[in-house]
Every structure is written in structure tokens, then in C-alpha cells.
Amino acid sequence: MAGVQASSGQVDFHPSENQLMISQMIKDFGAREMRPKMMEWDESQEFPIDLFHKLGELGLMGVLVPEEYGGAGFGYHEYVTAIAELSRIDGSIGLSMAAHNSLCTGHILSFASEEQKRKYLPKLATGEWIGAWGLTEPNTGSDAGNMKTTAVRDGDHYILNGAKNFITHGRSGNVAVVIARTGVPGDSRGMTSFIIEKGTKGFASGRKENKLGMRASETTELIFTDCRVHKSQMMGSEGEGFVQALKVLDGGRISIAALGLGIAQGAFDAALKYSKERHQFNQPISAFQGISFKLADMATNIEAAKLLVYRAADLKNKGLSVSKESAMAKLFASEVAVKVADDAVQIFGGYGYTKDYPVEKFYRDAKLCTIGEGTSEIQKLVISRSILK
Ligand SMILES: Cc1cc2nc3c(=O)[nH]c(=O)nc-3n(C[C@H](O)[C@H](O)[C@H](O)COP(=O)(O)OP(=O)(O)OC[C@H]3O[C@@H](n4cnc5c(N)ncnc54)[C@H](O)[C@@H]3O)c2cc1C
């Protein structure tokens, strides 16, 4: 789904060569590696880890990582195009790719020391390692600043105790960025981020969630029991973790917006095709205004979502503040994904309610977009605070 780009202050609605190349590459890859197996992954909730190693070979596990650290060295336009194209086929793969790139890898890229970057980015950017990012806890989701997981200083180490939940790649991830409390509850400067490798004593994964959708994207608990982490694994200074996390989420929300955009486009593609093939009352159902107007609304909303997503991507590329714009893009594209997937099932009638056609999966997967990386209500909070200040 190559789309809008901008250069020299001019908006260019034509995709760049790189965006077209990425779109075609993912279409080919998806036909070969994803479409034949994705319903099996969905049924069994299998996280297809080998697929992510292959995505790494294509440069899609380090899209934004500079080439000197083993990444593809692209910007947000290419990144959005990649996530949207993957999600147009399978939202689970888009979600995992987004979480790996934006959250774990993105946090290290933005806030790690040079030594930490050299140690971790090449492995993450090539897909040799899978990354996880732990902010959410069982009792603090939207209210993440009130987290209970603690990191207590003990000489050159920190001792972590507590639990994170709903963590993408919590079990298969080779490394996790974890934000824990080092100060007093309620203090936004009282949290610190750490890079913690799988196998560190006292660090384990817990229950794997059995989910409505996004079933091939692994979601688990992370559990810390007297987990000793050397201070060299801290990112930035003590107390900076929560502010870092909010900045990571500003970029991450563009990726969830792209995920919603891709799911909406995938559901629309399927509904459009079916509406021309399915006949009732001796005519294709697309000839009924009730169906063609639905398709018109779906197409219009997808185009509007695309503009918001690529605008946020453009601002991010320019290094400008994107809190409001990424929240707007995420809010709108997520809600469009849910509505378009709903309309697509309706256009398929009874067949849309079965697993013989792709729209029931888009319908289930779409809902995550209005929840992950901040619910729609939290996006409205971010937007309203920004426009009221
Ligand atoms: C598949 C999946 C993958 C995820 N991956 C990760 C991950 O990799 N890392 C990670 O850290 N987290 C991850 N999450 C967690 C996700 O970010 C949280 O689920 C989300 O932020 C919402 O938190 P919550 O589930 O605790 O809901 P709650 O915060 O309990 O919200 C419940 C309801 O209350 C509403 N609400 C809460 N506060 C307000 C308010 N101030 N105003 C109005 N309404 C409000 C919410 O909008 C929602 O409707 C993932 C979640 C899922 C489902």
C-alpha cells in the first residue's frame, strides 16, 4: 500500500520507487510465505518465528535502523508502506513486525548508548533476534505511569520484581526492553528502562493469552523475581524511562495506524471482489445501491486514513513533534479498520461469517488496533490535551 510522500515541503501523492519496491516485494513474499499458512497459524495460535527471520533477510526487521547497525536505513514512509502491505495480508504479522521495529528496536535506536546500539541493533535489525517491549502491567494499562514493577538499586545492579502483561513476543523474544519503577509511585520521572536478555536469572515468561484476533502474534506475561540486571543495561539515566516510553509510543502509534490501514484495505479488497462475483436477484450484489454505497464509504474512509497516516509519517521523518498527529492517525485508522472489516463481513453475508473467506479474520484482527499502544479513548485524551493547551 504505497501512498503519500512529501519532499521539499511539497506533498507528493505518488509512491516513491522504494515504496513501490517494498509493496511488490511484500506481495510476492506474502503469496509465497504467508497466504498458504496463515489460517493454520491463526487456528493454532502459532507464532511463526521462522517467518520473522525471513522478514529480517528482506530488511523488514530493521526498517528504520541505519545501515551502519545492519538495518535497511529507510524512513517512516517506507516503514508505513511495509506494515500496511503485510497487514493487508495478515494483521498478526503486521502487529509483530510493528512491535519489534517500533517498540523494542525503536527504543534502543532512540535511547541506548553507542555501545548498547552496537551490541543489540545488528541482531534485531537482521531478524536474528526478536524483540519485546514491556510497559503494560496487569493493573496498569492506560495508567502505565502507576506501574508496580520495581527496580531497586543494589551496588552496580538493579533488582527487578513484578510482572508485565500483554507483551508481544514475551516468550519468543531474545531480548526485552522493560520499564520499571525506580522512584516513588505517581512520579513520571520515577521509572527507568532496561535491556534484559532472555535467560537472565529471575526473568521468565508467563501465561500466553488466548486471543480473539492477532492470534499468530504471541502475547504473554513477563515475570521478574529478584532479577539482577547490571546498571550497564539501563538506557539513558535513572528516571528517564517513562518519558522515553511516551516518545517511543508517539512513533509506535504510526505503526498501529498503518496496521489498521492495511487491515482495512485487505478487507475492502476482498469485499469489492466478492461484490462483483456474488449474484442475487439475477445481478451482482454490487449493483445494489445498499452495497455500492457501502463500498464507496469504505474506500473514502481508507483514503482519509491513508492521508493521516502518511502525514504523521512525514512529520516523524522531519524530526517534528508527532504526538497529536500520530494519535489522530491511530484513532482514525483503527476505527476505520473496525468499521470496514464489519462492512466487509456484511457484504459477504453468511459466507463472511465462515473461515472460508478472509473477512472474518480481518474482523477479529481489526479490533486490536483500537486497543494496543493506547486505546481510542487514550488517543482522544492525547489529542484533546494538545488542542486545548
Ligand atoms: C494483542 C496485544 C498486544 C499488546 N502488546 C503490548 C506490548 O508489546 N507491550 C506493552 O507494554 N503492552 C502491550 N499491550 C497492552 C496494551 O497497550 C494495553 O492493553 C492498552 O494500553 C490498554 O490497557 P488495558 O488493557 O489495561 O486497559 P485499561 O487501561 O484497563 O482500559 C479499560 C477501558 O477503560 C478506558 N480508559 C482507561 N483510562 C481512561 C481514561 N483516562 N479516559 C477514558 N477512558 C479510559 C480504556 O480506553 C478502555 O476502554 C498489548 C495488548 C494487546 C491486546
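FYI, the numbering just counts along the sequence from 1. In each ligand, atom 1 is the first atom listed, and ligand 1 is the first ligand listed.
Distance from atom 48 (C) of ligand 1 to its nearest protein heavy atom, with residue and atom name: Thr375 CG2, 4.0 Å. Closest to atom 20 (C) of ligand 1 among all protein heavy atoms lies Ile371 O, 3.5 Å. For atom 40 (C) of ligand 1, the closest heavy atom belonging to the protein is Ile378 CD1, 4.0 Å. The protein heavy atom nearest to atom 43 (C) of ligand 1 is Glu377 CB, 3.8 Å. Atom 26 (O) of ligand 1 has Gly141 CA, 3.1 Å as its closest protein atom, hydrogens excluded (heavy atom only). Closest to atom 52 (C) of ligand 1, if we only count protein heavy atoms, is Leu368 CD2, 3.7 Å. Taking atom 51 (C) of ligand 1 as the reference point, the nearest protein heavy-atom neighbour is Phe166 CB, 3.6 Å. For atom 10 (C) of ligand 1, the nearest non-hydrogen atom of the protein is Thr136 OG1, 3.3 Å.
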Asn210 and Arg215: side-chain hydrogen bond (donor to acceptor under 3.5 Å, both in side chains), yes or no, with the steps?
-> CA-CA 8 Å; Asn210 184 2; Arg215 288 169 59 81; 3.0 Å; yes
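Geometrically, ligand 1 and Leu135 share a nitrogen or oxygen pair separated by less than 3.5 Å. Polar contact with ligand 1: absent for Thr219 (N/O pair, distance under 3.5 Å). Of the polar atoms of Asp143, none of the N or O atoms is found under 3.5 Å from an N or O of ligand 1, judged by distance alone. In terms of polar-atom proximity, Glu137 is not counted as a contact of ligand 1, lacking any N or O under 3.5 Å from an N or O of the ligand.
Both Phe362 and Ile347 are members of a single hydrophobic cluster when ILVMFWY side chains are connected at heavy-atom separations under 4.5 Å.
Set against the non-hydrogen atoms of Ser142, the atoms of ligand 1 under 4.0 Å away are 23 (O), 28 (P), 29 (O), 31 (O), 37 (C), 38 (N). Within ligand 1, the atoms closer than 4.0 Å to a non-hydrogen atom of Glu373 are 17 (O), numbered from 1 in the order shown.
Within the structure, the closest approach of Met214 to ligand 1 does not fall below 4.0 Å when heavy atoms are considered.
Protein non-hydrogen atoms do not reach within 4.0 Å of atom 35 (C) of ligand 1. Contact annotation for atom 23 (O) of ligand 1: protein present (non-hydrogen atoms, distance under 4.0 Å). Distance check on atom 32 (C) of ligand 1: every protein heavy atom falls at or beyond the 4.0 Å cut-off.
Look at Arg364 and Asp42 and you find a salt bridge, because one of the NZ, NE, NH1 or NH2 atoms lies within 4.0 Å of a carboxylate O, short of that distance.
For residues 238-267, no residue pair satisfies the salt bridge (Lys or Arg N to Asp or Glu O under 4.0 Å) rule, not counting sequence neighbours.
With values rounded to the nearest 0.5 angstrom, Glu33 atom CD is found 11.0 Å from Asp28 atom CG.
Residue Asn139 places its CG atom among 12 or fewer non-hydrogen atoms of other residues, nucleotides or ligands, all under 6.0 Å distant. Shown here is Arg385, whose CZ atom has no more than 12 heavy atoms of other residues, nucleotides or ligands within 6.0 Å.
Of the possible polar contacts, none joining the Asp365 side chain to the Gly213 backbone as a donor-acceptor pair under 3.5 Å is found.
Between Trp129 and Tyr120, the ring planes are tilted. Angles from 30° to 60° get that label. The aromatic rings of Tyr351 and Tyr357 stand perpendicular to each other, their planes meeting at an angle above 60°, with 30° marking the opposite boundary. A perpendicular orientation is assigned to the rings of Phe288 and Phe281, their planes being inclined by more than 60° (bins at 30° and 60°).
Within the 4.0 Å heavy-atom criterion, both parts of Thr168, backbone and side chain, lie near ligand 1.
Under 3.5 Å, the side chains of Tyr158 and Thr192 contain no donor-acceptor pair of N or O atoms.
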